[in-house]
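Working notes, structure below.
Ligands are counted one by one from 1 in listed order, and the atoms in each one are counted from 1 as well.
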Amino acid sequence: MFYLLPIVGAVFLAITLIRRRYLSPISDIPGPFLASFSVAWQLWHIVQGDIDRCARRWHEKHGAFVRISHDEVSVCHPDAVRQILLNPLEKADFYCMMALPDYRFQTPMSETNPRQHVLRTKNLAAGFALSHIIKSEAHVDKCILLLKKRLAEFSKAKTQINLDEWFNYMAFDILGEVLFSQNFGFLEAGKDLGGSIANSKVLTLYVTLAGFFQGIHRFTLGRPIVNDMKLMPTQHIFDTTLRAIQSRQKNAEVRKDVLSVWLKQHEDHPDRFSEKELYGCVNMTVGAGADTVSASMQSFFYHLTRNPQYLARVKQEIVDANLTADVISYADATQLPFLQACIKEGWRMFPPVPFGLARVSPPDGITIGGHYFAPGVKLSINPHVIHYSRELFGEDASQYNPDRWIGRRAKDIEKYFIAFGAGYNSCQGRNIAQLEIVKATATIVRDFDFRQVDPGQTWKYEARFTATPYEWPCFVTEASRG
Ligand code: HEM
């Protein structure tokens with residue numbers, strides 16, 4: 001009898017593959033061959049780290065819709081953001097993987113139901129509000145000052161610097177100040193303490209891949225016991241968070257930081273905001289808030305270094321505004337329209353989340369651009385693909401041009417700018433990101449000049465759920481301030 005098993009298995013597999021390829025409601029959508037019956041195409045390009053560029057090439061060839069797996073269509077259409085992200089559609093089950101370190105630690109990010117998501121988000125809203133975050137501005141300044149000190153040291157020593165590392169240290173330390181009233185000490189030490197940064201790269205790869213195999217994940221590394229015994233190979237980032245919380249408990253100078261607001265929320269509503277959820281949310285924030293900021297800072301300087309005409313304009317704008325404080329204030333920096341345009345163009349050219357934000361077609365299905373998608377089909381929007389669309393951003397979509405964000409044209413393209421996502425699931429840390437990025441870019445572009453060691457070298461990066469460039473070493477010099 002057992003000899004029949006392989007035959008039954010092979011027949012079952014063949015039927016599944018044929019059904020997926022020829023009889024699925026998305027069989028008519030063009031796409032890579034492997035994607036027509038499996039998730040193999042996505043997995044391969046996640047491992048390769050080029051899923052953003054590959055998806056873009058397929059869209060350039062086939063237009064608005066590309067089938068990127070047996071049950072998922074990548075969409076790049078003028079109505080896509082409005083109909084997919086701004087509509088309260090369920091998120092794809094991929095997001096369940098975002099409960100970290102394991103499923104007991106649910107967060108808004110891991111919540112796929114839009115109504116439940118709104119409830120979970122409410123617990124965090126007061127902590128993430130700009131009116132609250134801005135109270136930490138002086139402590140953000142401390143970190144930027146320390147970064148400036150380090151850059152000045154590199155300038156004097158005339159040694160090359162890897163900006164990916166230093167911007168990551170800054171972002172981590174600022175997160176520490178804003179969340180826990182104390183930085184992590186990365187800028188002071190000048191190194192990746194405890195391997196947290198290196199580790200978060202491994203975690204991103206693991207989470208992005210395991211999102212497709214959650215059953216296996218839950219029975220293996222996602223089991224609570226694995227986490228409780230600290231066997232998770234990507235444990236460092238959680239340990240970093242836990243250590244920060246523990247050291248905060250002993251800190252006599254704790255301010256009204258983000259954690260204090262969330263702890264109060266937990267005390268007031270332990271039923272709807274459990275201790276596990278609180279810890280999950282802190283993990284989520286630490287995990288989401290460093291490499292994305294490093295990527296943004298790098299994109300700003302990388303593109304300006306290669307476009308000296310825009311660099312000169314941004315510097316002149318700061319000179320004209322007569323901003324002389326050691327660290328430019330948020331209020332002042334947000335009054336610099338060309339600086340803002342350069343930051344935004346940096347995000348457009350390099351969205352730190354260059355991955356398909358996947359939602360599920362609702363019970364009645366959905367029609368986009370005249371094409372009907374049956375209930376249950378996954379529809380995803382990749383910020384990289386959207387941002388490089390000539391149809392949406394114009395013929396010069398692949399060129400760095402901050403001027404596109406100034407004047408009348410800006411309003412037309414604003415609705416397609418999705419570096420922070422859009423709708424109910426959009427980035428909750430945006431205020432923190434903007435506060436630090438606006439201040440740090442304004443201050444550093446005024447006070448330093450960067451020159452690539454090899455000006456012809458393009459940076460490298462691997463696109464997974466997030467992406468952070470590396471390998472474009474620079475020399476830094478202190479700029480004269482007139
Ligand atoms: C420029 C830097 C950043 C960019 C471009 C960015 C972008 C994004 C994107 C695209 C999403 C997911 C949207 C989706 O899946 O539909 C997201 C989610 C999120 N981000 Fe950010 N992010 C940045 C910085 C930060 C920072 C600094 C923090 C925290 C301090 C943060 C916290 C979060 C959180 C908590 C979520 C989950 C939102 C939810 O599910 O409700 N992000 N971010």
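- Contact annotation: for Pro351 versus ligand 1, there are no heavy atoms closer than 4.0 Å.
- Annotation: Tyr424 places no N or O atom under 3.5 Å from an N or O atom of ligand 1; distance criterion only.
- Looking at ligand 1, you'll find an N or O of His117 within less than 3.5 Å of one of its N or O atoms.
- Ring pair Phe65/His77 is parallel by interplanar angle, where below 30° counts as parallel and above 60° as perpendicular.
- Here the side chain of Asp396 pairs no donor or acceptor atom with the backbone of Gln399 at under 3.5 angstrom.
- Although no hydrogens or angles enter the test, the distance criterion places a donor-acceptor pair under 3.5 Å between the side chain of Thr208 and the main chain of Phe465.
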Identify every side-chain donor-acceptor pair in residues 350-362 under 3.5 Å, counting partners at least two apart or on other chains, and give the distances.
{"residue": "Arg359", "atom": "NH1", "partner": "Tyr95", "partner atom": "OH", "Å": "3.1"}
{"residue": "Ser361", "atom": "OG", "partner": "Phe373", "partner atom": "O", "Å": "3.2"}
{"residue": "Ser361", "atom": "OG", "partner": "Ala374", "partner atom": "O", "Å": "3.0"}

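- Considering only non-hydrogen protein atoms, atom 15 (O) of ligand 1 sits nearest to Tyr95 OH, 2.7 Å.
- Of the protein's heavy atoms, Met109 SD, 3.2 Å lies nearest to atom 37 (C) of ligand 1.
- The shortest N or O to N or O distance between Arg359 and ligand 1 is under 3.5 Å.
- Remark: minimum distance from atom 35 (C) of ligand 1 to any protein heavy atom is reached at Met284 CE, 3.3 Å.
- With respect to Glu177 and Arg255, a salt bridge is recorded, a charged nitrogen being found less than 4.0 Å from a carboxylate O.
- The local environment of CZ in Arg430 is crowded, with over 12 non-hydrogen atoms from other residues, nucleotides or ligands closer than 6.0 Å.
- Those atoms of ligand 1 that come under 4.0 Å of a heavy atom in Ser426, given as number and element, are 38 (C).
- No close placement of the Phe300 and Trp347 rings is indicated, their centers lying 6.0 Å or farther apart.
- Annotation: Phe393 is not in aromatic contact with Tyr388 [ring centroid separation under 6.0 Å not met].
- Aromatic ring centres of Trp58 and His45: separated by at least 6.0 Å.
- Given atom 13 (C) of ligand 1, the protein heavy atom at minimum distance is Asn425 O, 3.4 Å.
- Here the two rings, on Tyr470 and Trp459, have centers that are 6.0 Å apart or farther.
- Around atom 21 (Fe) of ligand 1, the protein N, O or S atoms closer than 2.8 Å are Cys427 SG, listed by chain and residue number.
- Numbered from 1 in the order shown, with element, the atoms of ligand 1 that lie under 4.0 Å from a heavy atom of Leu175 read 30 (C).
- Looking from atom 10 (C) of ligand 1 to the surrounding protein, the closest heavy atom is Ala419 O, 3.3 Å.
- Within the structure, ring-ring contact (aromatic ring centres under 6.0 Å, His included) contacts touching residues 263-282 (residues at least two apart or in different chains) are Phe105-Tyr279.
- Not a single heavy atom of Leu179 lies less than 4.0 angstrom from ligand 1.
- A distance-only check finds no donor-acceptor pair linking the side chain of Ser110 to the backbone of Cys96 [under 3.5 Å].
- Residues in residues 237-247 take part in these salt bridge (charged side-chain N to carboxylate O under 4.0 Å, His left out) pairs, two or more places apart or across chains: Lys230-Asp239.
- Taking the ring centroids of Trp166 and Phe186, they lie at or beyond the 6.0 Å cut-off.
- Within the 4.0 Å heavy-atom criterion, neither part of Val178 lies near ligand 1.
- The protein atom (non-hydrogen) at minimum distance from atom 1 (C) of ligand 1 is Ser296 OG, 3.0 Å.
- Atoms of ligand 1 lying under 4.0 Å from any heavy atom of Ile437, numbered from 1 in the order shown and given with element: 1 (C).
- Atoms of ligand 1 found under 4.0 Å from any heavy atom of Trp347, numbered from 1 in the order shown, are 1 (C).
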